[in-house]
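These numbers come from a predicted model, not from an experiment.
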Amino acid sequence: MNKKPVTAFDRRLGQKLRQARLLKGLTQKQIADVAGVSWQQVQKYESGDNRVTAERLYRISQATDLSLAFFLENETTGETVSDALSEEALRLAGHIEALPDRLVRYSVSSLVSSIARAWNRPENASKA
């Protein structure tokens, strides 16, 4: 069986899979169970070492409650949100997203924004 080579598209899709998993607070094992593969296979998808089939991508989109468009957006430029965000930022966003109450999500988001603004004041610049 001839294995098709992995492309830049596959690597960017893997980044989006990882971003979705972290945003939703899921483990590679949980994604693997939904997709019907091993957690090691999910690891290979995320690293861009293996290609993801359309059916598995659909299952993952359903499990993460994200549209297929989420995984394919910005494909023309090759940019992804995860390129600009650290793993900690993705996890924080996932925790905030998981809060069941909209007002609480807004309050936590406002708190984090206030902390960031206070930290970025000139008098705190030398503490970073």
Side-chain angles (χ1 to χ4, degrees):
M1 180 170 130
N2 290 336
K3 186 176 175 182
K4 292 184 179 180
V6 176
T7 65
F9 174 89
D10 298 310
R11 285 186 287 282
R12 287 190 299 273
L13 180 57
Q15 291 172 342
K16 294 295 284 190
L17 286 172
R18 181 173 182 279
Q19 177 187 6
R21 180 176 62 78
L22 291 172
L23 280 171
K24 297 300 180 171
L26 299 171
T27 66
Q28 288 179 336
K29 171 84 169 91
Q30 289 170 311
I31 293 294
D33 290 345
V34 168
V37 297
S38 69
W39 67 267
Q40 293 94 335
Q41 184 64 33
V42 172
Q43 192 174 46
K44 290 177 183 180
Y45 291 156
E46 290 183 0
S47 67
D49 291 336
N50 285 7
R51 304 181 83 168
V52 182
T53 66
E55 178 185 1
R56 290 200 175 108
L57 182 59
Y58 177 76
R59 288 182 190 174
I60 293 167
S61 76
Q62 295 295 299
T64 57
D65 197 29
L66 295 167
S67 70
L68 286 172
F70 169 86
F71 294 96
L72 303 174
E73 72 182 353
N74 295 326
E75 198 45 51
T76 56
T77 64
E79 297 172 322
T80 66
V81 174
S82 61
D83 291 339
L85 295 177
S86 68
E87 186 169 321
E88 293 83 14
L90 289 171
R91 284 201 173 115
L92 177 60
H95 292 312
I96 292 171
E97 175 72 20
L99 293 169
D101 185 271
R102 188 173 73 74
L103 182 57
V104 172
R105 284 192 306 271
Y106 177 79
S107 297
V108 170
S109 179
S110 295
L111 173 64
V112 172
S113 295
S114 295
I115 292 168
R117 280 193 305 275
W119 188 259
N120 289 321
R121 289 186 182 147
E123 63 268 20
N124 292 324
S126 62
K127 297 178 185 176

A.B. asks: How far apart are the C-alpha atoms of D101 and Y106, what are their side-chain angles, what is the distance that settles it, and do they pass the side-chain contact (heavy atoms from CB on, under 4.5 Å) test?
C.D. replies: CA-CA 9 Å; D101 185 271; Y106 177 79; over 6 Å; no

A.B. asks: Please test F71 against S61 for side-chain contact (heavy atoms from CB on, under 4.5 Å), starting from the C-alpha separation and ending with a verdict.
C.D. replies: CA-CA 8 Å; F71 294 96; S61 76; 3.6 Å; yes

A.B. asks: Please answer whether the main-chain N or O of S110 pairs with a side-chain N or O of S114 as donor and acceptor at a distance below 3.5 Å.
C.D. replies: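 A pair under 3.5 Å: yes.
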
A.B. asks: Between E97 and L23, which heavy-atom pair has the shortest distance, and what is it?
C.D. replies: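 Looking at all heavy atoms of both residues, the shortest contact is CB-O, 4.5 Å.
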
A.B. asks: Does the side chain of R21 come within less than 4.5 Å of T64's, by heavy atoms?
C.D. replies: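 Not touching, per the 4.5 Å side-chain cut-off.
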
A.B. asks: Looking only at heavy atoms, which two atoms of D10 and T7 are closest? And how far apart?
C.D. replies: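 Nearest heavy atoms, D10 then T7: OD2-N, 2.8 Å.
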
A.B. asks: How close do A63 and L26 get, counting heavy atoms only, and between which atoms?
C.D. replies: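 Smallest heavy-atom distance, with atoms named: O-CD1, 4.5 Å.
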
A.B. asks: Of all the heavy-atom pairs spanning G48 and V6, show the shortest one and how long it is.
C.D. replies: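 Heavy atoms only, the tightest pair is O-CG1, 2.7 Å.
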
A.B. asks: Does some side-chain heavy atom of W39 sit less than 4.5 Å from a side-chain heavy atom of Q30?
C.D. replies: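 They are not in side-chain contact.
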
A.B. asks: Rounded to the nearest 0.5 Å, what's the gap from CG on L72 to CZ on R12? Could you check?
C.D. replies: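 It comes to 11.0 Å.
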
A.B. asks: Are Y58 and L17 connected, step by step, through hydrophobic side chains (Ile, Leu, Val, Met, Phe, Trp, Tyr) whose heavy atoms are closer than 4.5 Å?
C.D. replies: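 Yes; L17 is reachable from Y58 via cluster members.
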
A.B. asks: Between F70 and F9, is there shared hydrophobic-cluster membership here, with clusters defined by ILVMFWY side-chain heavy atoms closer than 4.5 Å?
C.D. replies: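 Same cluster: F70 reaches F9 through Ile, Leu, Val, Met, Phe, Trp or Tyr contacts under 4.5 Å.
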
A.B. asks: Does any non-hydrogen side-chain atom of L13 lie less than 4.5 Å from one of Y45?
C.D. replies: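 The answer is no, as the side chains (C-beta and beyond) never meet within the 4.5 Å cut-off.
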
A.B. asks: Would you call D33 and K29 a salt bridge, taking side-chain N to carboxylate O under 4.0 Å as the test?
C.D. replies: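 So D33 pairs with K29 through a salt bridge.
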
A.B. asks: Return yes when atom NZ of K44 has more than 12 non-hydrogen atoms of other residues, nucleotides or ligands closer than 6.0 Å, and no otherwise.
C.D. replies: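 Count not over threshold, so no.
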
A.B. asks: Same hydrophobic cluster for L66 and V42, using side-chain heavy-atom links shorter than 4.5 Å among ILVMFWY?
C.D. replies: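 Yes, same cluster.
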
A.B. asks: Do Q28 and E46 get their side chains close enough for a donor-acceptor pair, meaning under 3.5 Å?
C.D. replies: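 Yes.
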
A.B. asks: For S38, is there any backbone N or O sitting under 3.5 Å from a side-chain donor or acceptor partner on Q41?
C.D. replies: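 No.
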
A.B. asks: Rounded to the nearest 0.5 Å, how far does CZ of R11 lie from CZ of R51?
C.D. replies: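 Taking CZ in R51 and CZ in R11, the distance rounds to 10.5 Å.
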
A.B. asks: Given side-chain contact (heavy atoms from CB on, under 4.5 Å), test L57 with L68 step by step and report yes or no.
C.D. replies: CA-CA 8 Å; L57 182 59; L68 286 172; 3.8 Å; yes

A.B. asks: Report the C-alpha separation of Q62 and V34 in whole Å, then their side-chain angles, then the decisive distance to 0.1 Å, and conclude whether the side-chain contact (heavy atoms from CB on, under 4.5 Å) test is met.
C.D. replies: CA-CA 9 Å; Q62 295 295 299; V34 168; over 6 Å; no

